[in-house]
Amino acid sequence: MDFQFDWVDAFTDKIFGGNGCAVVHGGAALSNATCMAYVRETSLVECTFTGPSEVADFRVRYFLASREIPFAGHPTVATVVALHARGLIADGDLKLETQAGIIPVNVSDGRVTMTQVAPVFGAHVPAEIVAPVGALEPGDILGTPQIVSTGLPFCVTVVRDVETLAGLRLDTDAMKRYAAHVGAPDVDAMEPFWVTLSGATSHGDTFARLLLAPPSPPEDAFTGSATGAMACYLWANGLLPDREFVAEQGHGMGRPGMATVRILGSRDDIRGVEVSGQGTIVMSGQVFLPTVS
């Protein structure tokens with residue numbers, strides 16, 4: 001089967017920055033096995049597969065190398081950039097059908113703004129459980145980590161400074177203990193999302209990292225879904241002075257990414273969060289995807 005694809009770097013205006021995602025146009029009808037095999041073939045963290053929708057402008061499926069997930073941020077930006085470049089959408093508002101619900105998106109002058117759903121605040125996770133996942137001590141963590149979802153759940157974990165963030169190392173045994181604590185696989189929680197309350201550059205207000213377990217690559221360059229969850233956690237806990245800020249990620253990987261974020265609602269009544277970024281196409285072409293059993 002012959003499909004068109006676009007490889008897009010999201011949350012950046014330059015190729016080889018931000019986070020890459022391959023968008024397979026018309027691939028939403030493919031089997032899970034085929035989609036996961038394609039992600040493994042690209043060595044990317046995530047890829048998307050689009051199709052028609054009866055309730056929105058397009059249906060989008062999101063895949064890791066290991067499974068399908070309900071929603072992801074940088075692949076949403078990448079998908080919309082790809083659709084726009086092919087003339088399938090114009091500037092303005094549109095809606096995407098995802099397993100996390102209908103995601104409103106706006107495209108304007110090359111910038112994609114997605115409105116993530118209102119946050120679901122889940123369990124607090126003791127620092128003693130989370131810290132070893134990143135080879136940290138509990139005292140390196142500020143406050144109590146908490147699982148938060150704006151479409152995909154992450155354990156938002158604030159660390160004391162940029163130096164602590166730079167020193168993170170994934171301990172896979174500790175990750176297994178963490179997963180057991182939060183109830184995986186019944187709870188589809190991703191790895192902890194580590195953030196510090198200063199930017200990687202003078203332009204940023206936060207700086208974050210997401211270390212990943214195999215079969216995914218070791219680290220995600222920019223995580224738009226986790227950025228939305230993180231924003232809600234910081235706002236609700238009084239850790240942000242303003243509802244609008246700039247989030248940075250990927251700088252330590254040589255793939256700097258940036259998003260502008262706006263939280264909708266008061267600290268005790270968050271109705272959603274807007275995450276906005278740019279994207280640029282690296283390559284386009286045809287992909288041949290036979291059925292994988």
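Count residues from 1 along the sequence.
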Tell me whether Thr50 contacts the main-chain N or O of Gly26 through its side chain, where contact means a donor paired with an acceptor under 3.5 Å. yes

With no hydrogens and no angle check, just 3.5 Å: does a side-chain donor-acceptor pair link Asp220 and Thr223? yes

Could you please spell out the steps behind the side chain to side chain donor-acceptor pair (under 3.5 Å) verdict for Ser284 and Asp6? CA-CA 4 Å; Ser284 301; Asp6 295 304; 2.5 Å; yes

Arg111: which of Asp91, Thr260, Asp13 passes side chain to side chain donor-acceptor pair (under 3.5 Å): Thr260

State the CD-NE2 distance between Gln249 and His74, to the nearest 0.5 angstrom. 10.0 Å

Test item: Asp9 side-chain N/O and Phe16 main-chain N/O as donor-acceptor pair under 3.5 Å: yes

Derivation and outcome, ring-ring contact (aromatic ring centres under 6.0 Å, His included), residues Phe5 and His25: CA-CA 6 Å; Phe5 83 94; His25 298 279; 8.9 Å; no

Any link between Met114 and Val246 through a network of hydrophobic side chains (Ile, Leu, Val, Met, Phe, Trp, Tyr) touching at under 4.5 Å? no

Under 4.0 Å between a side-chain nitrogen and a carboxylate oxygen: does that hold for Arg160 and Asp140? yes

Report the C-alpha separation of Ile270 and Phe121 in whole Å, then their side-chain angles, then the decisive distance to 0.1 Å, and conclude whether the side-chain contact (heavy atoms from CB on, under 4.5 Å) test is met. CA-CA 11 Å; Ile270 302 173; Phe121 291 95; 4.2 Å; yes

Show, in sequence, the C-alpha distance, side-chain angles and deciding distance for Gln278 and Thr12, and conclude whether the side-chain contact (heavy atoms from CB on, under 4.5 Å) test is met. CA-CA 5 Å; Gln278 295 174 277; Thr12 180; over 6 Å; no

Give a yes or no on whether the backbone of Leu210 and the side-chain of Glu191 come within a donor-acceptor separation of less than 3.5 Å. no

Is it the case that atom CD in Gln99 sees more than 12 heavy atoms from other parts of the structure closer than 6.0 Å? yes

If you take all heavy atoms of Arg61 and Leu30, which pair is closest and at what distance? NH1-O, 3.0 Å

Geometric cation-pi criterion, Arg267 with Trp235: 6.0 Å, 45°: yes

Passes side-chain contact (heavy atoms from CB on, under 4.5 Å), Phe63 versus Glu68? Steps please. CA-CA 4 Å; Phe63 278 87; Glu68 184 174 10; 3.4 Å; yes

Any sub-3.5 Å donor-acceptor pair from Gln146's side-chain atoms to Gly122's backbone N or O? yes

Do Leu239 and Leu142 share a hydrophobic cluster, counting only Ile, Leu, Val, Met, Phe, Trp and Tyr and linking them when any side-chain heavy atoms are less than 4.5 Å apart? yes

Check the side chains of Thr164 and Asp161 for a donor-acceptor pair under 3.5 angstrom, ignoring hydrogens and angles. yes

Short side-chain to backbone donor-acceptor contact, Arg59 and Pro52, under 3.5 Å: no

Using a 3.5 Å distance criterion without hydrogens, assess whether the side chain of Arg209 forms a donor-acceptor pair with backbone atoms of Leu165. yes

Say whether, by atom type as modelled, one donor and one acceptor occur between the side chain of Thr157 and the main chain of Cys155 under 3.5 angstrom. yes

Mind checking whether Val282 and Val24 sit in one hydrophobic cluster, side chains of I, L, V, M, F, W, Y counted as touching below 4.5 Å? yes

Does a donor on one side chain and an acceptor on the other come within less than 3.5 Å for Asp268 and Ser266? yes

Working for side-chain contact (heavy atoms from CB on, under 4.5 Å), residues Glu274 and Leu264: CA-CA 7 Å; Glu274 295 177 348; Leu264 307 176; 4.2 Å; yes

For Ala229 and Val148, which heavy atoms make the closest approach, and how far apart are they? CB-O, 3.5 Å

Looking at Ser216 and Leu212, would you say the former's side chain and the latter's main chain have a donor-acceptor pair under 3.5 Å? no

Are any non-hydrogen side-chain atoms of Tyr38 and Phe49 less than 4.5 angstrom apart? yes

If I compare all heavy atoms of Leu152 with all of Ser225, which pair ends up nearest, and what's the gap? CD2-OG, 4.1 Å

Membership question, hydrophobic clusters at under 4.5 Å side-chain separation (ILVMFWY): are Val156 and Phe222 in the same one? yes

If only side-chain N and O atoms count, and only distance matters, is there a donor-acceptor pair under 3.5 Å linking Thr34 with Ser31? yes

Does a side chain donor of either Thr201 or Glu248 reach within less than 3.5 Å of an acceptor in the other side chain? yes

Among Val159, Asp205, Val158, Val162, which residue satisfies the side chain to side chain contact (heavy atoms under 4.5 Å, CB included) criterion with Leu197? Val158

Are Leu170 and Met253 linked, directly or through intermediate hydrophobic residues, by side-chain heavy-atom contacts shorter than 4.5 Å (ILVMFWY only)? no

Quick check: does any side chain N or O of Asn237 sit under 3.5 Å from a backbone N or O of Tyr233, one acting as donor and the other as acceptor? yes

Could you tell me whether the side chain of Val195 reaches within less than 4.5 Å of the side chain of Phe207, counting heavy atoms only? no

